[in-house]
Asks: 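Just dropping this structure here.
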Amino acid sequence: MSVTYQGTSFIDIVRHLFRRKFWIAGITLFVSFVVAIYSLFIENEYKSQANLLPAEERAVGLDALAGGGVAGAAGALLGRDHERFDRFYVLLRSRNISKQVVEEFDLIDVYETGDSDDPMGDAISVLRQQTSFEGLDEGNFVINAWDTDPQRAHDMAQFYIDKLNELNTDISVREAREYRQFVEQRYKQSVDDIEQLRTDLKAMQREYGLYDIETQLASYFDLIGEVTVNLIQS
């Protein structure tokens with residue numbers, strides 16, 4: 001005995017759905033009703049956003065002074081923002097900073113992770129879902145924080161800003177120290193070069209008998225002038 005299978009046409013599907021239209025409409029309305037009721041019990045979340053424009057760094061100037069020239073400065077400009085944003089992201093996502101945020105705002109209680117095996121770790125995991133950090137191509141760095149309490153969301157974003165300010169202060173101090181050391185080295189090198197030139201000049205003067213080229217040239221032309229006058233008089 002052979003069995004023949006016949007595919008279902010599009011018309012058959014439409015007819016089947018039409019016959020079940022009340023079931024489909026009823027299920028759709030029931031799901032929509034359940035979702036609407038459930039959404040009434042979900043706490044509202046508030047978003048706090050900080051849009052930062054980091055200050056320019058001195059690194060380009062150091063590269064140019066060090067001999068990098070225009071090409072070196074341009075390369076530093078192109079890669080500097082991304083490197084700085086990566087540094088910001090790593091800092092703000094670090095466990096140390098995350099732990100400080102959790103402790104500062106009692107997020108173990110807020111996120112209800114106190115009964116877990118790792119309250120701090122679970123709170124940090126929720127915190128990382130409730131925050132985001134992004135460096136934009138326009139050169140600004142965006143911090144987003146979500147929380148059911150709008151004031152806490154604002155304070156969390158401000159806390160991250162304060163940590164970035166501390167980082168920028170440390171970077172500025174280090175750059176100022178490096179810049180001062182760089183200038184001192186260049187000044188010392190310039191003084192050494194001048195002293196070496198003076199030594200070489202003295203050696204040349206002793207070897208060739210030249211002690212004051214400008215005065216010797218003036219005396220030479222005066223001598224030529226006197227000889228010329230004597231010839232004319234003769």
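Side chains included, hydrogens not; waters and symmetry mates left out as well; all remaining heavy atoms used.
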Asks: Which value, rounded to the nearest 0.5 Å, describes the distance between I143 atom CD1 and F141 atom CZ?
Replies: 5.5 Å

Asks: Contact between M156 and Q130 at the side-chain level, heavy atoms closer than 4.5 Å - yes or no?
Replies: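 In short, these two side chains do not touch, never coming nearer than 4.5 Å.
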
Asks: Take atom CG of D118 as the centre, draw a 6.0 Å sphere, and report whether it contains more than 12 heavy atoms from other residues, nucleotides or ligands.
Replies: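 It does: D118 CG has more than 12 such atoms within range.
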
Asks: Using the salt bridge (charged side-chain N to carboxylate O under 4.0 Å, His left out) rule, collect all pairs that involve residues 146-158, keeping only residues at least two apart or in two chains.
Replies: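 Those involving residues 146-158 are D147-R152.
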
Asks: Listed by chain and number, what are the side-chain hydrogen bond (donor to acceptor under 3.5 Å, both in side chains) partners of Q129, not counting sequence neighbours?
Replies: none

Asks: Run the side-chain contact (heavy atoms from CB on, under 4.5 Å) check on F105 and V110 step by step: do they pass?
Replies: CA-CA 8 Å; F105 299 99; V110 174; over 6 Å; no

Asks: Is it true that Y46 and W146 fall in one hydrophobic cluster, defined by side-chain heavy atoms closer than 4.5 Å?
Replies: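 Hydrophobic grouping puts Y46 apart from W146.
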
Asks: Using side-chain contact (heavy atoms from CB on, under 4.5 Å), reason through Q49 and H154 one step at a time and then give a plain yes or no.
Replies: CA-CA 8 Å; Q49 183 178 87; H154 171 271; over 6 Å; no

Asks: Using side chain to side chain contact (heavy atoms under 4.5 Å, CB included) as the criterion, point out the one residue from I124, V126, D122, L127 that pairs with L107.
Replies: L127

Asks: For atom CD of Q100, decide whether the heavy atoms of other residues, nucleotides or ligands shown that lie under 6.0 angstrom number more than 12.
Replies: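 Yes, because the 6.0 Å sphere around CD of Q100 holds more than 12 heavy atoms from other groups.
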
Asks: Would you call K188 and E184 a salt bridge, taking side-chain N to carboxylate O under 4.0 Å as the test?
Replies: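 Result for this pair is no, no salt bridge flagged.
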
Asks: Got a sec, which residues hit side-chain hydrogen bond (donor to acceptor under 3.5 Å, both in side chains) with S132, two or more places apart in sequence or on another chain?
Replies: N144

Asks: In chain order, what residues pass the side-chain hydrogen bond (donor to acceptor under 3.5 Å, both in side chains) check against R177, with sequence neighbours excluded?
Replies: none

Asks: Using 0.5 Å steps for rounding, measure from the CD atom of E134 to the CG atom of L136.
Replies: 5.0 Å

Asks: Output the distance between atom CD (Q151) and atom OG (S48), rounded to the nearest 0.5 Å.
Replies: 9.0 Å

Asks: Run the side-chain hydrogen bond (donor to acceptor under 3.5 Å, both in side chains) test against S94 and tell me which residues pass, sequence neighbours left out.
Replies: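 Per chain and number, S94 pairs via side-chain hydrogen bond (donor to acceptor under 3.5 Å, both in side chains) with no residue.
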
Asks: Is the ring centre of F133 less than 6.0 Å from the ring centre of Y160?
Replies: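 Between Y160 and F133, which both carry aromatic rings, the centre distance is below 6.0 Å.
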
Asks: I108 and A123: which non-hydrogen atoms are nearest, and at how many Å?
Replies: CG1-CB, 4.0 Å

Asks: What distance separates K99 NZ from E104 CD, expressed to the nearest 0.5 Å?
Replies: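 Reported value, rounded in 0.5 Å steps: 14.0 Å.
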
Asks: Is it true that, when you exclude D117 itself, more than 12 heavy atoms of the residues, nucleotides or ligands shown sit nearer than 6.0 Å to its CG?
Replies: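 Counting neighbours around CG of D117, 12 or fewer heavy atoms of other residues, nucleotides or ligands fall under 6.0 Å, so no.
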
Asks: Taking only residues at least two apart or on different chains, which pairs with a member in residues 156-167 satisfy salt bridge (charged side-chain N to carboxylate O under 4.0 Å, His left out)?
Replies: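 Qualifying pairs: K163-E166.
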
Asks: Working to the nearest 0.5 Å, report the span between CG of N51 and CG of N140.
Replies: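 If we round to the nearest 0.5 Å, N51:CG and N140:CG are 4.5 Å apart.
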
Asks: How far does CD1 of I161 sit from CG of L52, to the nearest 0.5 angstrom?
Replies: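 So the CD1 of I161 and the CG of L52 are separated by 5.0 Å.
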
Asks: Donor-acceptor pair, R93 side chain versus R128 backbone, under 3.5 Å?
Replies: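 Yes: the side chain of R93 pairs with the backbone of R128.
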
